[in-house]
*Asks:* 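Once you've had a glance at the structure underneath, I'll fire off some questions.
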Amino acid sequence: MTAWTTAATVLSVPLAAASTLPASAVSSATTATSASASAAKTISFRGMRLTVPSKWTAHKSDTIWDLLTVQTRPGCDRKKTGCPYFSIGGPNMIHGSNDPNWIGERYNPGRAPFHPETSVMPCRYNRQSDIDDLERFPGGYKGKTVVSGHRQVGKGHKARYYEWAVECYDEKKKRVTRKFVQREWYLRKEKIVIVDGFNTPGLADAIKRATWN
C-alpha cells in the first residue's frame, strides 16, 4: 500500500526568474509572475506534480482507498448540487487491496471504465440526496470507448488514454437525464490513474505539462 505521507502532498509553486528581462520590464514582469504564482499550486502524487489553480482543493482518502479527490469549484455544497472534481488513484485503486475492509472493484484499463464502487453510483452531477438518478455505461459494464490512445504526462512519461460514454438514468421516470464522457489517464509503470467526468477545464494541459520527482 502507498503511504500518504509520501504519496500525496500539496506544494506551492516557485516564482519564475526574471533576471533575463530588460530593466524596464522587470517591475511589470515580477508583478505578473507573482500574480500568476499566487493563482496556482502544485499537487504531488507518487512523484507526479501537477500545476493547478490555487482554488482547487485536494482531499486524500485513507490508505485503503489510496485516492486523492480534487474539487475544482470552491465552496461547492453537495447537498445543493453536484460538485465538479477529478480523482487520482494509486496501486490500491488499480489492483485492489488485500485489506479485509476493501470493497472496491479492480481497474481494467481499456476493457471497462474506472468504477471503484461495487454498487451503482448516483449521478455525480446531482446533489447528494438524488439517489434515484444513477450512472450507467451504455453497452453494459464494459462500456463504450469513445476515444482510445496515448497522452504525454510530462517529459519521459506517457499514459494510456481512454474516454468512455456515461449517462445518468432516472429509475423512477425511466429516462436518461444526462450524457457525458469520463476521461482516464492510466500510467501502468507509475501505478497512477487520473479520472475526470466533468471535462475539467485546464486539466488535460496540466497533465501534459506534469513534472516528476
Side-chain angles (χ1 to χ4, degrees), residues 1-2 4 7-8 43 45-48 50 59-70 72 82 84-126 131 133-154 156-171 176-200 203-208 210 212:
M1 287 186 284
T2 303
W4 278 110
I43 294 176
F45 186 88
R46 294 184 59 81
M48 179 185 68
L50 302 179
H59 305 274
K60 61 185 178 182
S61 68
D62 54 31
T63 55
I64 296 177
W65 281 95
D66 197 17
L67 185 71
L68 188 69
T69 301
V70 183
T72 61
Y85 68 91
F86 65 92
S87 301
I88 308 176
N92 287 354
M93 296 306 301
I94 297 170
H95 304 298
S97 170
N98 293 324
D99 190 288
N101 295 315
W102 172 260
I103 57 173
E105 293 280 359
R106 293 188 177 188
Y107 179 46
N108 292 306
R111 298 181 179 180
F114 181 85
H115 181 76
E117 301 286 348
T118 55
S119 59
V120 180
M121 296 173 60
C123 181
R124 69 192 76 183
Y125 280 84
N126 295 344
I131 59 175
D133 203 8
L134 305 176
E135 290 187 3
R136 68 181 188 181
F137 300 100
Y141 173 72
K142 290 187 177 181
K144 179 181 179 181
T145 307
V146 179
V147 174
S148 178
H150 293 84
R151 295 291 186 274
Q152 201 69 34
V153 186
H157 297 261
K158 188 166 288 189
R160 299 180 190 176
Y161 178 76
Y162 308 101
E163 292 184 4
W164 301 90
V166 192
E167 61 187 23
C168 297
Y169 184 81
D170 191 311
E171 292 289 341
V176 174
T177 59
R178 179 184 291 271
K179 294 183 178 181
F180 61 97
V181 169
Q182 177 168 292
R183 304 186 294 176
E184 300 172 5
W185 291 259
Y186 172 54
L187 294 103
R188 182 182 62 83
K189 183 179 178 181
E190 297 83 350
K191 298 179 181 179
I192 296 174
V193 59
I194 306 171
V195 184
D196 175 38
F198 288 88
N199 195 27
T200 302
L203 178 59
D205 286 339
I207 293 173
K208 183 178 181 180
W212 294 83

*Asks:* Applying side chain to side chain contact (heavy atoms under 4.5 Å, CB included) to Ile88 and Ile192, what does each step give before you reach the verdict?
*Replies:* CA-CA 7 Å; Ile88 308 176; Ile192 296 174; 3.9 Å; yes
*Asks:* Using the rule given for ring-ring contact (aromatic ring centres under 6.0 Å, His included), can you reason through Phe198 versus Phe180, listing the C-alpha separation, both sets of side-chain angles and the distance that settles it, and then say yes or no?
*Replies:* CA-CA 8 Å; Phe198 288 88; Phe180 61 97; 7.3 Å; no
*Asks:* Within the side chain of Glu163, is there an N or O that forms a donor-acceptor pair under 3.5 Å with the backbone of Glu184?
*Replies:*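 Absent.
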*Asks:* Looking at every heavy atom in both Tyr85 and Thr200, which two are closest together, and how far apart are they?
*Replies:*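 It is O-OG1, 4.3 Å.
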*Asks:* Mind checking whether His115 and Phe137 have parallel, tilted or perpendicular rings, split at 30° and 60°?
*Replies:*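 His115 and Phe137: perpendicular rings.
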*Asks:* Evaluate side chain to side chain contact (heavy atoms under 4.5 Å, CB included) for Phe114 paired with Met93, printing each intermediate quantity in order.
*Replies:* CA-CA 9 Å; Phe114 181 85; Met93 296 306 301; 3.7 Å; yes
*Asks:* Has Gln182 got a side-chain atom pairing as donor or acceptor with Val166's backbone, closer than 3.5 angstrom?
*Replies:*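 A pair under 3.5 Å: no.
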*Asks:* For the CG atom of Leu67 and the OG atom of Ser87, what is their distance to the nearest 0.5 Å?
*Replies:*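 OG of Ser87 is found 5.0 Å from CG of Leu67.
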*Asks:* Verify side chain to side chain contact (heavy atoms under 4.5 Å, CB included) between Thr145 and Trp164, making sure each step is shown before the conclusion.
*Replies:* CA-CA 5 Å; Thr145 307; Trp164 301 90; 3.2 Å; yes
*Asks:* Tell me whether Arg46 is salt-bridged to Glu190, with the criterion being a basic N under 4.0 Å from an acidic carboxylate O.
*Replies:*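 So Arg46 does not pair with Glu190 through a salt bridge.
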*Asks:* Donor-acceptor pair, distance only, cut-off 3.5 Å: does the side chain of Asp133 make one with the backbone of Asp170?
*Replies:*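 At least one qualifying donor-acceptor pair exists.
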*Asks:* Using atom types as modelled and distance alone, determine if a side-chain donor or acceptor of Arg106 lies under 3.5 Å from a backbone N or O of His95.
*Replies:*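 Present.
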*Asks:* When rounded to the nearest 0.5 angstrom, what distance separates OH in Tyr186 from NZ in Lys191?
*Replies:*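 Going from the OH atom of Tyr186 to the NZ atom of Lys191 covers 9.0 Å.
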*Asks:* Nearest 0.5 angstrom please: Glu167 CD to Arg178 CZ, how far?
*Replies:*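 One gets 12.5 Å once the value is rounded to the nearest 0.5 Å.
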*Asks:* Show your working on side chain to side chain contact (heavy atoms under 4.5 Å, CB included) between Arg136 and Val176 and close with a plain yes or no.
*Replies:* CA-CA 10 Å; Arg136 68 181 188 181; Val176 174; 3.9 Å; yes
*Asks:* Could you grab the distance from atom CG of Leu203 to atom OG1 of Thr72, nearest 0.5 Å is fine?
*Replies:*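 Those atoms lie 9.0 Å apart.
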*Asks:* Rounded to the nearest 0.5 Å, what separates atom OH in Tyr125 from atom CD in Glu135?
*Replies:*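 Nearest 0.5 Å value for the OH-CD distance: 9.0 Å.
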*Asks:* What closest approach, in Å, do Pro138 and Ala165 show between heavy atoms, and which atom pair accounts for it?
*Replies:*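 Shortest heavy-atom contact: CD-O, 3.3 Å.
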*Asks:* Provide the closest heavy-atom pair for Met48 versus Ile194 in the form atom of the first, atom of the second, distance.
*Replies:*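 Shortest heavy-atom contact: CE-CD1, 3.8 Å.
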*Asks:* So, for Ile207 and Leu50, which heavy atoms are closest and what is the spacing to 0.1 Å?
*Replies:*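 Closest approach of Ile207 to Leu50: CA-CD2, 3.8 Å.
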*Asks:* Kindly compute the distance separating OG1 (Thr69) from NE2 (His59), expressed to the nearest 0.5 Å.
*Replies:*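 Separation between the atoms: 8.0 Å.
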*Asks:* Look at the side chain of Trp185 and the backbone N and O of Ala204, then say whether any donor-acceptor pair between them is shorter than 3.5 Å.
*Replies:*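 Answer holds: no.
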